[in-house]
Amino acid sequence: MDTIGNALYLGGYGIYVWPAFATAAAVLCWMAVSTVARLRGAERSLDRLRRARAKAAAPGGEAAPAEALNGQGTDP
Amino acid sequence: MTAFFALLAFDIRLSFRRGADTMVVVGFFVLTVVLFPFAIGNDTALLARIAPGLVWVTALLAAMLALDRLFLADFEDGSLDQLLVSEMPLELTVLAKAAAHWVTTGLPLIVAAPVLALVLNMDRAGLAHLALSLALGTPVLTLIGAIGAALTLGARRGGVLISLLVLPLYIPVLIFGVGVVTAAIDGIDASARIMALGGLLLGALALAPLAAAAALRQAAR
Amino acid sequence: MIHFLANPARFMRIGARVLPWCWAVAALGMGAGLWFALVSSPADYQQGDSVRIMYIHVPSAWMALAVYSLIALVSAMALVWKHPLGYLIGRAAAPLGTGFTVICLVTGALWGQTSWGTWWVWDARLTSVLILFFLYLGYMALASAFDDPDRGNRAAALLAIVGFVNIPIIKFSVDWWSTLHQPASVLRSGGPAIHPSMLTPLVLMAVGFAAYFLALLVLRVRAEIAGRKVAALMMASAMGGAGSNPARRERI
Amino acid sequence: MTDQQPAMGRVDQLIARDIACVRGGRLLFAGLGFSLAPGGVMALTGPNGIGKSSLLAILAGLAPAAAGSVELPTETGRIAYLGHGDGLKPLATVTETLAFWAVVNGPGNAQARRQAIDEAMETFALGPLAALPCGYLSAGQRRRVALGRVVATAAKLWLMDEPATALDGAGARAFDDALAGHVAAGGMAVVATHGPIAVDGIETLEIARFAGAAAGIADPDTWGLGVDQDP
């Protein structure tokens, strides 16, 4: 492919080929981003909950773990 | 088997006593079909051409409208537990429920459809086939709908959810149902399409109660 | 084998080990596939360069169907052998499958635009993928329509199996329907003859997509498991409290 | 109170072995076992949310147990189950309701059915209400019709979840008489209840003793999925 222009033009079909690849890339990225976001959210709230339960169990204090979570609305 | 017919008779008697359900289904059916000329205009040739598809789609939506009546009342008042505890196999119970539901929704649609087809100026050659295609098709709609109704018991906004679940599964019935009518109108032999529709009916009769029963057992837990 | 993987912790350990390989294969597969697709393979004599869209469209169609079949399989395993992990894998895979379906539909529409000049071609295979897209939506909507996640999992698993059984029926009726209404379209007649040089990017891209999917699946299953533990801990703290929430019809 | 897990009991016994119940990813109870011989009544006691209804649902086969097994008296597989809901259709009259459920859940031959229905109508004084649609009945009357249905199914094993709720004095007495009659005739009953039941020779099962926490089973965190501690 000698010139960038030719690459973009692609025999007149460029305006279809590149959006196709662009949307594919966009969706693939969304899949990755949403996965990592879910994973980090769930594991962070899990650690927070465990720490709250550990603290509640240890000195017998009644720190209800639910409060520890109301900072972020994670739906299980 | 006496339990099967007892359940069938009990349900039919109750729904006739209320009567409103059939009225709602047929009312929706007639009203929706009548809406289209207002939108498309009273060009009878155009209306005649789209009549088979339009009548079938509206009948399908009307049948789907009444689906949550299948198990929801039993689920909420506790009758479902009694049916689950009964010695009658749950698949048979589902069949009885679906049959009773079909009598109050499918039959009225089959009767009303040819009249509405005339209103839309559909070619008379298709009238008999329209009734036949609905006669074979509406039981399948109820049976597949029973799976959707059982799956969404206890779900938030179950009614809307049912349509999302069952509409994709309704597409084959719609395709062959309308195919039967258009074949009759075009004067070609419709027997192959009627066979396909009959096949869908037999398949649904055999498999849908299994899936719906499994879904009911999940719901009752 | 089935029971071997059933234990979530073991699944996660294996997942952690497999993960880097998946990323590697995904990067290699998609990278090489892309390079072949765009650079080295010839333009199609008939469609010119627009055929390059096929290198994304066809693999994503394969993945869309493969992921739904996987969901139906793990759902059946979960319902029959009572492995709770099956539900989680199904729930984790569904959004990814939906993503591939969207890619397939968008690229299909763009490809249709090049050959037919219309944005949506009611071609048999593209329409079937559209219906598959609705099956995915139904699965995900049902899975999250219940207060009790277990209830949603079981209902969605059943729906996945019912949907899977219906796929051939839908495919058959849509194909029959499309012969009724549309002359042969380029997309329908098995697509352009697959020239060997075109096969390699297709296969490479498909392998890349599959590895990419598996990597994300492992991460999503881990997120689902963590989510389940959060729910269990929240319930445990509620266990000390008063009876069940009357709004939720639950047998406690 | 039978603590140890019963060996192979006689055929006509209700035997529950090592029952564990998980609800919404949470362990309610585990290792719960008991056996009930004909003529026996088992009262399930414990605070709300302890799992009384769940255990009854497991015994009735409505819900699967997370572990353990239930053997129903094999003589007649039929059981009568009474949950929180009365399971009555507002538009159906009392006689129609009893007749219908006697066919669906009750004995095979018509003679036995008619007899069971008559006994139900008489025990719970449903005569005056016979022709009324259930929608018109008060909560107490509806509960009596639901109890009537239990009698009308003439089942050997009764599984009842707080049967006496909404019953007035006369209703409660009628229920006690019905239960006593059922037990005297060799029937069995498992009843989840808060109040006392006026039947002699009653056994009590404290579900709290088998509760997840009390039974020292691992932290609910793991039971939610049967997951080892941390991957």
Side-chain angles (χ1 to χ4, degrees), chain A residues 1-2 4 6-57 60 62-70 72-76, chain C residues 26 30 34 37-39 43 47-57 59-60 92 95-96 98-100 102-104 106-114 144 149 205 209 212-213 215-238 240-241:
Chain A
M1 281 209 295
D2 41 25
I4 298 301
N6 184 346
L8 284 181
Y9 184 64
L10 274 184
Y13 291 116
I15 52 168
Y16 304 119
V17 173
W18 293 115
F21 281 82
T23 40
V27 171
L28 291 173
C29 288
W30 166 80
M31 282 152 75
V33 165
S34 69
T35 302
V36 170
R38 256 180 85 82
L39 180 60
R40 189 165 301 133
E43 290 193 331
R44 192 181 312 125
S45 53
L46 184 60
D47 295 342
R48 192 189 305 247
L49 245 174
R50 284 220 176 102
R51 274 201 306 281
R53 271 178 72 84
K55 188 152 51 66
E62 244 324 303
E67 275 66 35
L69 260 181
N70 54 26
Q72 346 134 307
T74 58
D75 63 311
Chain C
M30 286 200 275
L34 212 57
L38 290 178
V39 176
Q47 294 178 53
D49 282 295
S50 74
V51 79
R52 296 185 195 288
I53 300 179
M54 179 179 71
Y55 299 132
I56 297 284
H57 177 65
S60 59
L96 304 177
T98 314
F100 285 118
V102 166
I103 294 175
C104 182
V106 169
T107 49
L110 283 166
W111 198 0
Q113 177 61 263
T114 60
S144 52
M205 199 57 94
F209 277 1
Y212 186 75
F213 163 74
L216 291 183
L217 181 68
V218 167
L219 294 179
R220 271 186 177 266
V221 171
R222 191 178 300 166
E224 291 286 339
I225 291 180
R228 280 296 299 268
K229 286 189 182 174
V230 166
L233 285 176
M234 298 267 279
M235 294 281 279
S237 64

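Lettering of chains follows the sequences in order, A, B, ..., and the numbering in each one begins at 1.
Of the atoms belonging to C:Ile56, it is side-chain heavy atoms, and not backbone ones, that fall under 4.5 Å from chain A. Proximity to chain A is limited to the side chain of C:Tyr212, based on heavy atoms less than 4.5 angstrom apart. There is no contact between C:Leu217 and chain A, counting heavy-atom distances below 4.5 Å.
In this structure, the side chains of C:Phe213 and A:Met31 stay at 4.5 Å or more apart for every pair of heavy atoms.
Considering CG of C:Leu219 and CG of A:Leu39, their distance stands at 6.0 Å, rounded to 0.5 Å. In this structure, A:Leu46 CG and C:Arg228 CZ are separated by 13.0 Å, a value rounded to the nearest 0.5 Å. Considering CZ of C:Arg222 and CD of A:Glu43, their distance stands at 6.5 Å, rounded to 0.5 Å.
Contact count versus chain C (heavy atoms, under 4.5 Å) is highest, among A:Val36, A:Val27, A:Thr23, for A:Val27.
Taking all atoms of both residues into account, the shortest heavy-atom contact from C:Arg52 to A:Phe21 is O-CZ, 3.6 Å. The two atoms that bring A:Ala42 and C:Val230 nearest to each other are O-CG2, 4.0 Å, heavy atoms only.
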Stepwise, does the side chain to side chain contact (heavy atoms under 4.5 Å, CB included) test hold for C:Thr114 with A:Val17?
CA-CA 9 Å; C:Thr114 60; A:Val17 173; over 6 Å; no

